[in-house]
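Report on one structure; see the data block that follows.
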Amino acid sequence: MPRYDFKRIESRWQQYWEQHQTFRVDDCVPGKAKLYVLDMFPYPSGEGLHVGHPEGYTATDIVCRYSRMKGMNVLHPMGWDAFGLPAEEFARQKGIHPRIKTEENITTFRRQLKMLGFSYDWSRELSTTDPDYYRWTQWIFLQIHDSWYDSQCVWTGPDGVERRGRGRPISELPIPAEVQAAGQAAVRRYQDRHRLAYLSEAPVNWCPELGTVLANEEVIDGRSERGDHPVVRLNLKQWMLRITAYADRLSEELSDLSWPESIKYMQRNWIGRSVGAEVDFRLATAEDQFSTWTAQRQATGFPQEPESQVLRIYTTRPDTLYGVTYMVLAPEHPLVEQLTTPEHRPAVEEYRRKASLKSDLDRTDLAKEKSGVFTGGYAINPVNGQRVPVWIADYVLISYGTGAIMAVPGHDERDFEFAKTFGIPIVQVVAPSHADAATPDLQSSAFTDYGVAINSGAWDGTPTAEFKTRITADLAARGVAREAVNYRLRDWLFSRQRYWGEPFPIWHELDAEGNPTGLMRTDSVESLPVLHPHVEDFKPTGTPEPMLSKAGDDWLYRTDSDGVRLKRETNSMPQWAGSCWYYLRFCDNRNSGSFIDPEKEKYWLPVDLYIGGAEHAVLHLLYSRFWHKLLFDRGHVSHPEPFQRLVNQGMILGENGEKMSKSRGNVVNPEKVVEQRGADALRLYEMFMGPLEQVKPWQTSGVEGVYRFLGRVWRMLIDDRAEAVTLDAAVQDCPATDDQLRLLHRTIQAVTDDIDRLAFNTAISRMMEFTNAMTEQSVRPKCVLEPFVLLLAPFAPHLAEELWAALGHTRTLAYEPWPISDPAWLVEDTVEIPIQVSGKLRGRIVVPAGLSAVELQAVAEADESVKKLIEGRTVVKVIAVPGRMVNFVVR
RNA sequence: GCGAGAGUGGCGAAACUGGCAGACGCGCUGGAUUUAGGAUCCUGUGCCUUAAACGGCGUGGGGGUUCAACUCCCCCCUCUCGCACCA
């Protein structure tokens, strides 16, 4: 009667774990090593769980269950990244508050995850939408807002490492005397400009339909990624976080992390550090002013900001200055107005208008032909006094470097293309350094390699690398250039106009007429969280006016104790905010006095193993590191990095080998699989499919396979013809045979090694081999089966618990010691050795184990079958590898 | 274009440091049990030749190193992912 009834078994043990709080973990347990294993917490979508979720979650669960059995104190939490647009869109369509829909979705996700038997400590559950949680998200924002970046500060952190650059309290920002003299308001404005969270007016991607600005990554071909709505560029005042201040540390400190190289590469690439020079070109308004200006510069040096008559460019190739034949400004560049001559004005205006409608992403589309217009203006090349025409073109971005370039078509692909399109001269100033190298054909493509200088006056013959540093130094001495570092990374646009995100703890001061003065105040820490206001409907305003501005006056306005009238900030934070620090809150999710207790932070952090999809390579994982470093600088956390080891699970494809999607009709619903074959079967199958990090297609027949295996394990121990759950007659309390012990210990060894390597697929195959061999035995000793059940437990915990109980145990096996393999049983008495003749397999002999090379050769040579193989041949050489093979090399 | 990873049976895959290629599972062949189906158990299963493999060929293709190569080196092809006017 008791077939393998997974429904009964799984619900029984899930109830047991819940009732006994089996996986509740204490903080700071003395004498036990800690292990913090983290899953990327899900966005609880209305769709419910996807088969991709249990893949990573099962992997971490195996590691956790295994590590507990090895005696470690394991933190394994789960929560919800639940702010975001979908719930708000739903609210807009159905008129139901996003919180209600969000809670409904969380309930579904929680039920589905519990159904899979993951050993989470559910008492640590959190949602980014809980006021108790986002209270601290707002608090961290205030920490960022209260900080400035002192790039010169040299200091030693609690990790004992000396660093340059530190986020420091704004109160410690040195205020220049002239600012101080200008009064309190000037000082406050000065501070605001230096904060790590600041307001800035910049062109952004505005999506009227969604009612919010979007990050560049969220815009595809001028339309929103979500919903495919049009996106326009608007100048809007937005909150920015100064992540660029941390660019160097974010890039450099990657090297100590155990992360996939590809992810580190992507982050470094995203940060995109480049070293070059800023060079000033005097505008050619009147020839004679150039010499006056250079003489002046020689005396005063290179100024922080260029004068109004000067065009500052950034280049990584100052060695090609003699090859400059034109210059390009981004269409938005402030000097365009001044440079444009009357006859070129209409064309320039038209070009600027068109460019303003394109997003950065559109403009950087490589497939596009180069475009641009001549301004009519000229600048003077500081190396040789040549007049150079100045163009505007959208291949130069205002947001990178100085928003202006010197163009060297001979040695830059983009400039080459542009020069070809507009018939601008191309001058060669670099030649290949090897005399025998072919002369580059500058009619067909640019020569971008390093080489030696030519056509560069006295510099001719200087190698590129040397030339770069020397000419930069030379121009710097003349006050017209300086060394400069640039980053591809931009400051993080941190505000959205949505309702369903964290409100900012910021107030704007109003003057007597009710207009903003530009000065701001923050909510006190005690008054957090800033809760969401009631709004009548969730329709976007249709203007860049944030959703929160629909709130009533009681939420929007107040008068401070000093009588100053204040208006609330009505933007909200992006979804990344909550996911930036959730791993910290899991250590101490009930703390009402602080975002985390320092003792607990010190105990649990950093995360030892973080498993999730690669899609967060540069967003979540970079933002999190940034926040963590700021908290580190401000003394709130003790370790400079949050995630020590990162593993990316590979995507699970549909049965047809394509990405799973509703439109392709190849989506597998994990809940259905659990219903038909059980949670243990789903867990086991997802781990058996192949290596964790590999992309792999779903095979329903594969689920059948592991399900059959679970049935075989069941029948290996349980009499499935009996009425109740009874051990099979073959399972006996007797000593094991040598063969059985060898099998057991080999399996223990292999499964243990495989879990350590996260090679769960091979671990499972070893357990299958064990089961196949043991099932053949008519007597199956308990002392062999018990350790096996423990090995199975991390993979198929429900079945393992049930079998453990059937074996007579009354308590959960979750904390039973992990079996240890006895080396004595890992060695065989005899081994089969392949015999090769000249490298080809020709036979096999059975010999005692542990023979040395010399002994093995002697035994092989004495063997009759081997003698036959080499009969009549001349053996030139014999190679014997102990335990492996013998090779007779014959002529 | 640049960067990274990967190409092994009909399919998912294994092979740790160069040492028996294809473990384990799916599928398929034949059989047992069964009224039948299902379930379960047993058997075989890289390809070719063959009555049979103790023969030949086999890890994307070509070359090389080595007694020995999926593994190391060189060239080429294909696929996946990431980046892609960042001066």
Side-chain angles (χ1 to χ4, degrees), chain A residues 3 260-266 269-270 272-274 276 313-317 320 328 360 363-368 370 393-397 399-408 411-415 417-418 486-490 614-615 617-618 648 650-651 653 657 684-685 688-691 693-706 708-709 711-712 715 720 750 753-754 757 759 761-769 771-772 775-776 832-844 865 868-869 876-890:
Chain A
R3 289 274 196 78
E261 280 308 315
S262 61
I263 302 281
K264 290 190 189 182
Y265 177 85
M266 277 192 234
N269 211 57
W270 186 263
R273 184 177 200 268
S274 87
I313 59 97
Y314 171 73
T315 179
T316 55
R317 292 294 300 270
T320 59
V328 186
D360 266 17
R363 285 174 49 170
T364 57
D365 189 351
L366 189 63
K368 210 146 277 163
K370 288 276 179 295
D394 65 5
Y395 81 94
V396 173
L397 306 175
S399 47
Y400 185 78
T402 59
I405 61 157
M406 62 179 215
V408 187
H411 306 282
D412 181 281
E413 304 271 5
R414 299 148 298 181
D415 298 346
E417 240 180 85
F418 190 87
N486 262 298
Y487 301 93
R488 215 185 80 101
L489 185 70
R490 311 285 159 78
E615 67 273 15
V618 286
N648 292 124
M651 205 188 340
L653 304 174
L684 212 59
Y685 172 62
F688 187 61
M689 291 173 87
E693 303 189 60
Q694 192 171 303
V695 177
K696 42 209 176 278
W698 184 271
Q699 285 191 319
T700 300
S701 56
V703 186
E704 299 294 318
V706 292
R708 283 204 279 264
F709 163 66
R712 283 206 304 280
R715 288 189 303 275
D720 69 347
D753 285 354
D754 286 346
R757 294 189 295 132
N761 54 333
T762 50
I764 293 165
S765 77
R766 299 311 287 251
M767 290 190 283
M768 287 173 168
E769 285 180 88
T771 307
N772 293 344
T775 309
E776 285 173 11
E832 200 186 48
I833 295 288
I835 302 297
Q836 295 178 354
V837 178
S838 287
K840 297 225 176 199
L841 179 68
R842 282 293 182 265
R844 294 190 171 85
S865 63
K868 228 179 265 173
L869 286 173
V876 184
K877 196 174 173 186
V878 181
I879 291 122
V881 181
R884 291 285 186 192
M885 47 113 269
V886 182
N887 188 5
F888 293 91
V889 186
V890 298

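In what follows, chains carry the letters A, B, and so on, assigned in the order in which the sequence lines appear, proteins first and then strands, with residues in each chain numbered from 1. All values derive from a computational prediction rather than experimental measurement.
Residue A/M406 contributes atom CE, which lies 9 Å from atom C1' of B/rA87 at whole-angstrom precision. Remark: P of B/rC24 and CE of A/M768 are 10 Å apart, rounded to the nearest angstrom. In this structure, A/M651 places its CE atom 19 Å from P of B/rG5, rounding to the nearest Å. Rounded to a whole Å, the CG atom of A/D720 is 20 Å from the P atom of B/rU33. With rounding to whole Å, A/R708 atom CZ is found 15 Å from B/rC24 atom P. Atom pair A/M767:CE and B/rC24:C1' shows a separation of 11 Å (rounding to whole Å applied). If you take CG of A/N648 and P of B/rA4, they are 17 Å apart, rounded to a whole angstrom. One atom, CE of A/M885, and another, C1' of B/rA68, lie 7 Å apart when rounded to the nearest Å.
Spacing of C1' atoms, B/rG7 relative to B/rU59, comes out at 9 Å, to the nearest Å. If you take atom P in B/rU40 and the same atom in B/rG27, they sit 10 Å apart, rounded to whole Å. One C1' atom belongs to B/rC79, the other to B/rG63, and the distance between them is 23 Å to the nearest Å. The same atom, P, is picked in B/rU43 and in B/rC26; the two are 14 Å apart, to the nearest Å. Annotation: B/rG46 and B/rG10 have their P atoms spaced 11 Å apart (nearest Å). Between the P atoms of B/rC67 and B/rU17, the separation comes to 23 Å (whole Å). Rounded to the nearest Å, the gap between the P atom of B/rG44 and that of B/rG61 is 30 Å. A distance of about 32 Å separates the P atoms of B/rG64 and B/rG12, rounded to the whole Å.
Under a cut-off of 6.0 angstrom, the local environment of CZ in A/R884 is sparse, with at most 12 non-hydrogen atoms contributed by other residues, nucleotides or ligands.
Residue A/R712 places at least one side-chain N or O under 4.0 Å from the OP1 or OP2 atom of B/rG25. At B/rU40, none of the side-chain N or O atoms of A/R3 fall inside 4.0 Å of OP1 or OP2 (strictly under the cut-off).
Closest to the A/R488 side chain, of the nucleotides B/rA87, B/rU40, B/rA84, is B/rA84. Listed nucleotides B/rG19, B/rC24, B/rA21 differ in distance to A/L841; the shortest reach to its side chain belongs to B/rA21. The side chain of A/P834 sits closest to B/rC20 out of B/rC24, B/rC20, B/rG19. Of the candidate nucleotides B/rG82, B/rC67, B/rA87, B/rA87 has the atom nearest to the side chain of A/Y314. Looking at the side chain of A/N887, the nearest of the listed nucleotides B/rA68, B/rA87, B/rC41 is B/rA68.
Nucleic acid contact for A/N269: sugar-phosphate only, since backbone atoms but no base atoms lie under 4.0 Å from a heavy atom of the residue. Among the atoms of the strands shown, only primed sugar atoms or phosphate atoms (P, OP1, OP2) are found under 4.0 Å from some heavy atom of A/N772.
Looking at heavy atoms from C-beta onward, A/I879 lies in side-chain contact with A/M885 at the 4.5 angstrom threshold. Contact of the A/M768 side chain with the A/V706 side chain is registered, since non-hydrogen atoms from C-beta on lie closer than 4.5 Å.
Place A/V618 and A/A404 on RNA chain B by their nearest nucleotides, and A/V618 ends up nearer the 5' end. Between A/S262 and A/V889, the residue whose closest nucleotide on RNA chain B is further toward the 5' end is A/S262.
Nucleotide B/rA69 forms no Watson-Crick or G-U wobble pair with any nucleotide shown, as no partner meets the under 3.5 Å limit on both distances. Under the Watson-Crick or G-U wobble criterion, with both distances below 3.5 Å, B/rG3 is paired with B/rC81. Here B/rG10 sits opposite B/rC26 as a Watson-Crick or G-U wobble pair (both hydrogen-bonding atom distances under 3.5 Å). Base pairing of B/rG46: its partner is B/rC57, meeting the Watson-Crick or G-U wobble criterion (both donor-acceptor distances under 3.5 Å).
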| How would nucleotides 11-16 of chain B be written as a contact map, 5' to 3', with B for base contact, S for sugar-phosphate-only contact and - for no contact, using protein heavy atoms under 4.0 Å? | SBSS--
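Contact between A/S274 and A/T316 at its shortest, heavy atoms only, is OG-CG2, 3.8 Å. Considering all non-hydrogen atoms of both residues, A/Y487 and A/Y400 come closest at O-CE1, 3.2 Å. In terms of heavy-atom proximity, A/T402 sits nearest to A/Y314 at OG1-N, 3.5 Å.
Annotated as syn: B/rG9, whose O4'-C1'-N torsion sits within 90° of 0.
Remark: the backbone N or O of A/V408 is paired with a side-chain donor or acceptor of A/D415 at under 3.5 angstrom. A/Y685 places no side-chain N or O within 3.5 Å of a backbone atom of A/G705 that could act as its donor or acceptor partner. At least one donor-acceptor pair under 3.5 Å links the side chain of A/K696 to the backbone N or O of A/P691.
Neither side chain, A/R712 nor A/T775, offers a donor N or O lying under 3.5 Å from an acceptor on the other.
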